[in-house]
Amino acid sequence: MLRNHSLIPQTPLFLSSNPSFSIPFPRYNNSLILSTNTQSLSFTLQSKLYMAQEGDNGSPKSSPYEEALEALSSLITKRTRVGDVNMEERFLVLFEYLKMLELEEAISNLKIIHVAGTKGKGSTCTFTESILRNCGFRTGLFTSPHLIDIRERFRLDGVEICEEKFLAYFWWCYDRLKEKTDDKVPMPTFFHFLALLAFKIFSEEQVDVCIMEVGLGGKYDATNVVQKPIVCGITSLGYDHMEILGNTLGEIAGEKAGILKHRIPAFTVTQPDEAMDVLKEKASQLNVPLQVTSPLDAKLLNGLKLGLEGEHQYVNAGLAVALCSTWMNINGHLEESHLKQIQHTLPEQFINGLTTASLQGRAQIVRDEHVNNKISNELVFFLDGAHSPESMEACAKWFSLAIKDQNQTLFHQIADNSRFSNKVVKTHQSETQKSAQILLFNCMSVRDPQLLLPHLMKTCADHGVYFKKALFVPGLSMYHKIGSHALTPSDSNIDLSWQFTLQRVWENLMQGNKGKNNSAASEELAGMEMSVSNCEHSAVFSSLPLVINWLRDRVQQNQSTRFQVLVTGSIHLIGDVLKLLIECGLETANRMLSTQEHFWLWTFDGFIGLHQHQLGNFLCGVFQS
């Protein structure tokens, strides 16, 4: 039976021992809030309550949400991405699943914007959704991957789907497929199931517009079961997933162009000639009116800035504006004359959408709240999921400019309808305060660090930024598990051979650049006993928690130094870091629950005074079934 969480989505919960103010998650000026939003609070505390209970065999009892994640994890194949897998055959089976779920007509009724590309497709989809939501349309957004919670992939009106709806739609799809599949047509794989689930969610929720981000490639991607989208977009193309998509830009472009449909309008951005030639040829074959968009003119924002940081985002924003205006025109919401005017004057709703768009894990700045708040800006994480040579350059440029800004812009997590929102708070760096830049890096073994790391190092160096130390660490989560159980094995069982490879690449690069930088080891970075392998310019750690603890130790021992940590190379690494920062906040909440006697609970109806045992009863009443 699904639990009743009717209170959760509507009522933000801020917990404080002082009724005069309430400060966002996790802690600030001796005030505490339990979570960045009520949905994650519900998920985390509820999971802990269920895990604290014992099942029939004496083992911890899983929550209904964890049970769903266990079932979803069973769909993750342990095969490699390439090999004997016939991509076309696997794609065609998707139409069998659509029949089983009776989704064929539902998909045909969705007004879909379909986006593929190598770089920037997630940002483009985010801009697109934000614009159309600000125009008053009910939006559905499907993206990948998620950082912390699987529900991030399914957003309704800009908010990840609530737990109760996710469970209802999940089991509806899962149970029917389990009943109707067999050895000949087995259960769908992980991503195929998620795409099917997205179509079910958006059709049942009756969204006005559905924005679908391609997972991988295009031609054989699960999202490409869409036969008649309203408009298609292809973002910047580059070298990525070459083991599947091909070794040349032409081959990669051919796969991405697989989303183009007969006579359906499409847009792309400026591409390398080899890729553009292929896109134009595919478009011509399908009578597709393909147009190339220009980067958005910053002047059109009337002095405001894009919600997503980085100069490259103006390319994505320009594409998003074209997709939105075309979608609105085709659906009768924008006249042809106004369509042409948008190139020169943006409507207020478009400006609002572009400037308020938010996408965690891309050019995101997070201050570590674990350390003593009396010390200003001592440990700051700069998070960007760049994982291609081109995106590495963009990431390095953003990082270099961000740390040089004298009025450093920090993004504090606040409770609203999304797990993280970007509330800008200006702080001033003391002129006497030193700073140390550290790289925290990991990437998938299918990627070439000989391409990624040089681009990162050179771009930073061109801007006068040199890393004092590079730290290499394996991911926190196991690739074949999701949920709270998806943890890596004990440190002694972790294979660190890939991290040692990354370290060797970095040390060789540093040796080749000797005399060109000022990144010599300093006293601030002593105490490397926790690392597995410590070299002059880098270190390997066996787990991410050890890295975070080491960084916090350095901060405590060097309170006059601001540590600026660039986390990049893998969107999964970004998610793991954010998970640890959230868990830190929950541990703080647990300590407060055990030491404070009176609390104040804030809702839209005002403050509620609670004694410690009343608070416990309240939380149990909300989060237990």
Side-chain angles (χ1 to χ4, degrees), residues 309-311 363-368 377-384 386-387 389-406 408-410 429-443 449-473 499 501-528 531 533-541 547 550-551 553-555 557-558 560-570 573 577:
E309 291 284 334
E311 290 185 10
Q364 182 180 10
I365 306 174
V366 178
R367 180 187 176 202
D368 182 24
N377 305 336
E378 65 283 355
L379 178 56
V380 182
F381 292 93
F382 296 75
L383 310 170
D384 193 272
H387 53 267
E390 297 85 356
S391 59
M392 276 289 162
E393 288 185 15
C395 167
K397 187 173 183 180
W398 161 72
F399 174 69
S400 300
L401 295 176
I403 65 174
K404 284 191 171 184
D405 186 355
Q406 287 299 311
Q408 177 69 55
T409 302
L410 296 179
Q429 180 178 3
S430 169
E431 294 181 1
T432 60
Q433 188 177 34
K434 296 184 296 182
S435 66
Q437 289 75 48
I438 297 174
L439 174 65
L440 178 54
F441 187 91
N442 191 35
C443 67
Q450 300 276 10
L451 292 176
L452 301 183
L453 292 175
H455 280 80
L456 176 67
M457 179 184 290
K458 182 180 185 303
T459 304
C460 284
D462 288 344
H463 289 81
V465 175
Y466 304 94
F467 293 101
K468 295 290 186 182
K469 203 82 169 180
L471 311 178
F472 302 100
V473 63
Q499 280 65 48
T501 297
L502 297 175
Q503 184 182 38
R504 285 194 296 272
V505 172
W506 184 262
E507 289 293 329
N508 289 336
L509 288 171
M510 292 299 294
Q511 291 298 324
N513 286 283
K514 255 190 173 179
K516 300 179 182 179
N517 64 72
N518 59 355
S519 62
S522 58
E523 295 180 2
E524 293 98 332
L525 303 181
M528 298 298 297
S531 67
S533 172
N534 181 35
C535 296
E536 182 180 359
H537 305 287
S538 63
V540 171
F541 284 79
V547 174
W550 179 79
L551 288 169
D553 286 346
R554 301 284 68 72
V555 168
Q557 296 176 24
N558 301 276
S560 63
T561 301
R562 170 184 292 167
F563 288 84
Q564 298 165 319
V565 184
L566 174 61
V567 187
T568 190
S570 165
L573 177 63
V577 170

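Taken to the nearest 0.5 Å, the CZ atom of Arg504 stands 11.0 Å off from the CZ atom of Phe472. Considering CG of Leu551 and CZ of Phe563, their distance stands at 8.0 Å, rounded to 0.5 Å. Annotation: the span from Phe467 atom CZ to Phe441 atom CZ amounts to 10.5 Å, rounded to 0.5 Å. Note that CE of Met392 and OG1 of Thr459 are 10.5 Å apart. Values are rounded to the nearest 0.5 Å. Separation of atoms CD (Gln364) and CD (Glu309) is listed at 11.5 Å; rounding is to 0.5 Å. Lys468 contributes atom NZ, which lies 8.5 Å from atom OG of Ser435 (distance to the nearest 0.5 angstrom).
For the pair Gln511 and His537, the minimum side-chain heavy-atom distance is below 4.5 Å. Using a 4.5 Å heavy-atom threshold, the side chains of Leu439 and Leu456 count as touching. Using a 4.5 Å heavy-atom threshold, the side chains of Arg554 and Gln557 count as touching. Between Val473 and Leu573, the closest side-chain pair of non-hydrogen atoms falls below 4.5 Å. You'll find the side chain of Trp506 reaches within 4.5 Å of the side chain of Met457, heavy atoms only.
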- Message: Assess the residue pair Ser538 and Glu507 against the criterion (side-chain hydrogen bond (donor to acceptor under 3.5 Å, both in side chains)); give the C-alpha distance rounded to whole Å, side-chain angles, the decisive distance to 0.1 Å, and a yes or no.
- Response: CA-CA 7 Å; Ser538 63; Glu507 289 293 329; 2.6 Å; yes

- Message: Determine whether Gln499 and Asn442 satisfy the following criterion, side chain to side chain contact (heavy atoms under 4.5 Å, CB included), listing intermediate values before the conclusion.
- Response: CA-CA 7 Å; Gln499 280 65 48; Asn442 191 35; 3.0 Å; yes

- Item | Derivation of the side chain to side chain contact (heavy atoms under 4.5 Å, CB included) call for Val577 and Leu440 | CA-CA 10 Å; Val577 170; Leu440 178 54; 4.3 Å; yes

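Here the rule is side-chain contact (heavy atoms from CB on, under 4.5 Å) with Val505, and of Leu509, Asn508, Leu502 only Leu509 fits it.
Side chain of Thr568 to backbone of Asp384: a donor-acceptor contact under 3.5 angstrom is found. In this structure a side-chain-to-backbone donor-acceptor pair under 3.5 Å is missing from Lys397 to Glu311. No side-chain donor-acceptor contact under 3.5 Å links Asn534 to the backbone of Ala539.
Nearest approach of Cys460 to Ala396, heavy atoms of both residues: SG-CB, 3.6 Å.
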